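Shown next, in structure tokens, is the structure this report addresses.
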Protein chains: 2
Amino acid sequence: MNIDWASTSHMTEIDPTKPLPADIGILEETDLVIIGGSDGVTQTATDNVVQQVRGSFPDLPLVQEPYASAQISGETTASVDWIVVPVVFNGDRDHFVGNHVRMLSQLGSDLEALLGQDVSVMDVVEKLVPVGYVIQNTNSKAASIAGVSDSLSVAQVRGAALATEIFYDFPIFHVDYAGMFGGTADTTAAATYFEDTALLYSGGIDSAQKATDVLAAGADAIVVNECFHENVDAFTQTTRISPSQI
Amino acid sequence: MNIDWASTSHMTEIDPTKPLPADIGILEETDLVIIGGSDGVTQTATDNVVQQVRGSFPDLPLVQEPYASAQISGETTASVDWIVVPVVFNGDRDHFVGNHVRMLSQLGSDLEALLGQDVSVMDVVEKLVPVGYVIQNTNSKAASIAGVSDSLSVAQVRGAALATEIFYDFPIFHVDYAGMFGGTADTTAAATYFEDTALLYSGGIDSAQKATDVLAAGADAIVVNECFHENVDAFTQTTRISPSQI
């Protein structure tokens, strides 16, 4: 994964199950698009959004963040730059290791048969990027899917961040407040030890002030989601930040 | 971790709770020593073995493999080259992520107070090495400690190996048959996709033939344990392998 973090501070997460804004030209101001969602996402809906975004912005980095392996297809793999796979620190066993090993066991078996046809397992899976993930809104759909029953304390977020930086070595650590704004304490704590890891924050960012605060606290990038679908003006505000304030 | 795998094919795992052989000079034939054990290991017993091995073989690479964070001390950290921490693919949640994050949260908190005294968290933890681990003898003490109820099929071992190589990126993958010899099928399967990951096998290796078979199947190194304590002749056999047979 070779994201230039110096020029990637604003990401937009699109939920394929929700209507797109009338003019997706507002994506011109974002640095990267994530096709995400956490409920009822289908391969068809995903491919549809991928095509629209690619059609309007052929050079915009495009990432899929599936929550189930059924959402990953050869078509998606060919269309997106990366497939990020959350490894949920405060989720259940399946969402830290179980699903991932099952997916790769299956992939290994499927591809065994193809190896004679010049398809390399490594080619197919090289787009997979693990993301150390913390879900802090225990009432969210994301928490329910990942088996999250407790949010992490600030000290635990710092511990999970340290574990990511020096132990698990995931390239990205993501603090997700899933639908609500969580302030900057977790971002400040997680940023303490980061040298190699990029730090993302999402949840409730709907103004230039919140965007600026989180970036100033140490996030490499903010992920803006709900207001892209629901409030074009608020979304546009989050993209218009003066670098001098960060 | 900078092990030269080309010259490291034989490792000896010493259990500090068991008596050492009369002459530990037999370690001259091994390439690396792991201070391990899985029951009743204390910090004192560990330090004792570390001193004896360091006294006789000052240049032999020395690794601690603790199964509980209470076994890790500043003294140990200073004395050993690495502290390998198993991440057990078929263990319970605690043994894949829970214990590790708790340990690093604690370490982060403890060291906060020391940061003003020129102690860097990164200095202390830089010796920690994660090892993707599979425990295949479900009746062993190791399985009981790590919450392993099921061994993995050959396809699942291959999946866990692929997950290690391209997703979790642990530098080492270890198949442990914990007290019994498990043959070579898992080693062959795990070796399929390895380019960056080193592959270790342990369990019941007590002859030159078994050692040769496992290395020929693709293991970078074998880990010999029981017979070091129990059968010096068998141990010595495992160290005398003709490279031409591998």
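Within every chain, numbering begins at 1; the chains are lettered A, B, ... in the order of the sequence lines, protein sequences first and strands thereafter. Predicted, not measured: the structure shown is a model, and the values here were computed from it.
- In this structure, chain A has a heavy atom under 4.5 Å from the backbone of B/D92, while its side chain stays farther away.
- Here the closest heavy-atom approach between residue B/V87 and residue A/Y168 is recorded as CG1-CE2, 4.4 Å.
- Proximity to chain B is limited to the side chain of A/F170, based on heavy atoms less than 4.5 angstrom apart.
- Options B/P130, B/G159, B/A163 differ in how many heavy-atom pairs under 4.5 Å they form with chain A, and the most are formed by B/P130.
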